Protein chains: 2
Amino acid sequence: MISLKEIGRLCGVSESTVSKALKDHPAVSQKTRQHVQEVARKHHYVPNAHVQGIQSGRSQCIGVAVNDFGDPYSGRILCAAQEVLHEKGFDLIIIPWDLMVGKNEGLFDRFACRRTDGVLLFPTAEIPDTKTIAQLKSLDGPVVQIDQCWQNERFGYVGSANEDGGSQAIEALAKRGCRRIGMIGYGRISSGRERLQGALNALQKNGLFMDQSLFLDLGSDKEDDQKSRSLLSKYFKQKKQPDGIFCFNDRIAALAIKEAKAAGLTIPDDLQVIGFGNLPVGRLISPALTTFDQQPELIGRKAAELLLNHIDATARKADAGVRIVVPVKLVEQGSTCNPGRRI
Amino acid sequence: MISLKEIGRLCGVSESTVSKALKDHPAVSQKTRQHVQEVARKHHYVPNAHVQGIQSGRSQCIGVAVNDFGDPYSGRILCAAQEVLHEKGFDLIIIPWDLMVGKNEGLFDRFACRRTDGVLLFPTAEIPDTKTIAQLKSLDGPVVQIDQCWQNERFGYVGSANEDGGSQAIEALAKRGCRRIGMIGYGRISSGRERLQGALNALQKNGLFMDQSLFLDLGSDKEDDQKSRSLLSKYFKQKKQPDGIFCFNDRIAALAIKEAKAAGLTIPDDLQVIGFGNLPVGRLISPALTTFDQQPELIGRKAAELLLNHIDATARKADAGVRIVVPVKLVEQGSTCNPGRRI
DNA sequence: CTGTTAGCGCGTTCAT
DNA sequence: ATGAACGCGCTAACAG
């Protein structure tokens, strides 16, 4: 790749004149400017972003930690975030969460050495150890968490209206005649706890309660977990059967439907199911899954904007810990009955 | 973030001594070294990768163009590739293909300004315009394509054994008694054409042929395309019905099964279905999908290694255009019958 | 053993 | 209108 100095030599002018000419600085003659720009274009000159970063003190890089590269939910968020950040001249340094854990290398050394201007933290399972958090804090820029938040950390946060979603789910099931409502979720992540809380609130409001045996906590959040399947299989072999379940996400809901069918249940006649996320898979299974749209694009955009705000305001550090909650919307499909049906 | 100069001042030594001390250069006294390292650690010093890149002439950045952030297939490839590249000290600059198309900004300006040492091109629909290809070529490092290749371009390539997979699919269907075999695919991308070619070869070998009306070409490769659904719906309303179909990927196979069921067909009794990719969705639908495992992790690793080889050999430019083909393996599940069944 | 110097590519003064 | 000089953070080749 050609350099400013090289272009200067080709044009018979100095390096700094080339620099000015290329950015249409007024103090350059029309003729020189055109000539320089012409030569630069011919050689596909593009200024070196790393150098500009060094000078300006801004790398124009955002560190992104994701837990799953191929997850459609994270993917849509990330894509929207990337669009906003790219627009503002930022590039993404993406590192998979889980891959790094347990390596002797510090989790965020790569962010540190690239001098990232900020960090986006994507859905991650549980709270990491204090050392990891300390390292995260020792980085220069602000941190924005997406989807999950860690208690007691004053990072920015953008996520779904989980508690409201949990309530809506229960309300919907109750309206459709469900009386023995169960839940399949994750008790160890913030979004899981929030949805559970919302569900419990709504149950109480409806004069219902959730039998201990009808709440199933799937320990870890691994794609297509064999353990989840066997837990679900066991769940549907219990004596006390639910007539409606609310699942933490669409993938789990799909698994649950599969196992429920295997146990001889008919959806939605014997069992109504509600998922979360409105992912493509929900429309590929039969019956199609009633679920919640989380507006992942909006989440991504909001997260990017929040991060950019914090970066610009990094001097004051005023509004750290801002929390943005994006509403969710029920999408009714075949896995629930029409409302009004009462046994 | 603290700098070498700063550390030097704190330790009362020069910048270059600090530099040497930190990298255990022998020409530094034990005492100085320990002191310097201590101070550096205390301040979380990490050398600036951008600066090192400028000096070494290697940005240690790899440009990655993907068409879909949330695609599980691409995701697994990308994750494996990232692991290999990360190991070697490379970071990824990821840009979504489609987002960039149609912007006035050059598609690869961001790769250019980051001085990427190489480029990984992920599954992309059709061949881009010549201008885009020209820009790609004007970049510094080598280019490796994954999954798809463009005719007449001597880029590196790593992909699946598509032709063999196509043949295997037909053989499997024929062995299970299928006589009117159809195919749902993409005629405009290389992997689609290769699978079709393999299928046609196998059909001929088995004394069969594919009725024109049984080949359905889904134009573009968009997630959950409404158009695909309506095309598929029409497909299963034709007079001439297939008794077996081979689908370009699992998502399409899932859509096809859904529409086939809607048309009153039973899987696999009336219609046997084979997909491609062995994605999670194949195990969430009923019946579970017979498909091909593409070993995405292996593809990702191979692609990363090929790219690294080319980068190291960039001086000679000898082995450009290397093509690596990763074998596929049939995974039999419920959407096909047991072999040997003949009508 | 340590410090000085030069240079990577570029932007920004400040002189000319 | 143009160029020289300095600095960004760091490494490497020298000099002491």
Side-chain angles (χ1 to χ4, degrees), chain A residues 1-37 39-40 43-61 89 109-117 139-140, chain B residues 1-37 39-40 43-61 89 109-117 139-140:
Chain A
M1 176 71 62
I2 197 169
S3 68
L4 273 195
K5 188 192 287 182
E6 195 73 16
I7 296 177
R9 191 159 47 195
L10 288 176
C11 297
V13 294
S14 80
E15 218 176 322
S16 62
T17 301
V18 175
S19 176
K20 289 170 199 159
L22 287 181
K23 47 184 52 177
D24 285 324
H25 195 287
V28 171
S29 73
Q30 186 77 354
K31 216 181 103 194
T32 309
R33 169 186 340 213
Q34 286 192 350
H35 184 205
V36 167
Q37 292 189 354
V39 171
H43 291 267
H44 300 112
Y45 174 76
V46 182
N48 187 323
H50 300 110
V51 173
Q52 297 182 316
I54 294 170
Q55 299 183 168
S56 66
R58 280 224 186 154
S59 65
Q60 295 290 111
C61 284
D109 280 3
R110 288 309 253 281
F111 291 169
C113 76
R114 289 285 177 195
R115 300 292 191 272
T116 52
D117 297 327
L139 293 179
D140 274 332
Chain B
M1 175 72 61
I2 198 170
S3 68
L4 274 195
K5 190 191 287 180
E6 195 73 16
I7 296 178
R9 191 160 44 195
L10 289 175
C11 296
V13 294
S14 80
E15 217 176 322
S16 62
T17 301
V18 176
S19 174
K20 289 171 200 158
L22 288 180
K23 46 184 55 175
D24 283 325
H25 195 287
V28 172
S29 74
Q30 186 77 353
K31 216 182 100 194
T32 310
R33 172 185 339 215
Q34 286 190 351
H35 183 206
V36 168
Q37 291 189 356
V39 172
H43 291 267
H44 300 112
Y45 174 76
V46 181
N48 186 323
H50 300 111
V51 173
Q52 296 181 317
I54 294 170
Q55 298 182 169
S56 67
R58 279 224 188 155
S59 65
Q60 296 290 111
C61 284
D109 280 3
R110 287 309 253 280
F111 291 168
C113 76
R114 289 286 177 196
R115 301 294 190 269
T116 53
D117 296 328
L139 292 179
D140 274 332

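Quantities reported herein were computed from a predicted structural model and do not represent experimental measurements.
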Participant: Over how many whole Å does the gap from His50(A) atom NE2 to dT11(D) atom P extend?
Facilitator: 16 Å

Participant: Within the structure shown, what part of the strands sits under 4.0 Å from Arg33(A) by heavy-atom distance: base, sugar-phosphate, or nothing?
Facilitator: nothing

Participant: For the side chain of Ser3(A), starting at C-beta, report the closest nucleotide among dT2(D), dG3(C), dG9(C).
Facilitator: dG9(C)

Participant: Can you measure Arg9(B) atom CZ to dC10(D) atom P for me and round it to whole angstrom units?
Facilitator: 13 Å

Participant: Please give, in whole Å, the distance from dC1(C) P to Lys31(B) NZ?
Facilitator: 12 Å

Participant: Quickly work out the Gln52(B) CD to dG9(C) P distance and round it to whole Å.
Facilitator: 16 Å

Participant: For Ser14(B), report the nucleic acid contact type (base, sugar-phosphate, nothing); a contact means any heavy atom under 4.0 Å.
Facilitator: base

Participant: State whether Ser29(B) places a side-chain N or O below 4.0 Å from either non-bridging phosphate oxygen (OP1 or OP2) of dT2(C).
Facilitator: yes

Participant: Please check if the side chain of Asp140(A) supplies one atom and the backbone of Met1(B) the other of a donor-acceptor pair under 3.5 Å.
Facilitator: yes

Participant: Quick one: is dC10(D) close enough that its OP1 or OP2 comes under 4.0 Å of any side-chain N or O from Arg115(A)?
Facilitator: yes

Participant: Strictly below 4.0 Å: does Lys5(A) bring a side-chain N or O up to OP1 or OP2 of dC8(C)?
Facilitator: yes

Participant: Nearest whole Å is fine: how far is dC8(D) C1' from Met1(B) CE?
Facilitator: 16 Å

Participant: Looking at dG7(C), I'd like to know if its phosphate oxygens (OP1 or OP2) sit under 4.0 Å from a side-chain N or O belonging to Gln55(B).
Facilitator: no

Participant: Determine whether Thr17(B) and Val36(B) make a side-chain contact, defined as any pair of heavy atoms from C-beta on separated by less than 4.5 Å.
Facilitator: no

Participant: For His50(A) and Cys61(B), work out which heavy atoms get closest and say how close.
Facilitator: NE2-SG, 4.0 Å

Participant: Determine whether Gln37(B) and Asp24(B) satisfy the following criterion, side-chain contact (heavy atoms from CB on, under 4.5 Å), listing intermediate values before the conclusion.
Facilitator: CA-CA 9 Å; Gln37(B) 291 189 356; Asp24(B) 283 325; 3.0 Å; yes

Participant: Mapping Thr32(B) and Val51(B) onto DNA chain C by nearest heavy atom, which one lands closer to the 5' end?
Facilitator: Thr32(B)

Participant: Set out, in order, the CA-CA distance, both residues' side-chain angles and the distance that settles side-chain contact (heavy atoms from CB on, under 4.5 Å) for Ile2(B) and Val39(B), then state yes or no.
Facilitator: CA-CA 11 Å; Ile2(B) 198 170; Val39(B) 172; 5.5 Å; no

Participant: With distance as the sole criterion, do the side chain of Ser16(B) and the base of dT4(C) form a donor-acceptor contact below 3.5 Å?
Facilitator: yes

Participant: Over how many whole Å does the gap from Leu4(B) atom CG to dG3(C) atom C1' extend?
Facilitator: 15 Å

Participant: In whole Å, what is the span from the CG atom of Asp24(B) to the P atom of dC1(C)?
Facilitator: 14 Å

Participant: Whole Å only: how far is the NZ atom of Lys23(A) from the P atom of dA1(D)?
Facilitator: 19 Å

Participant: With respect to the phosphate group of dG3(C), does any side-chain polar atom (N or O) of Thr17(B) fall under 4.0 Å of OP1 or OP2?
Facilitator: yes

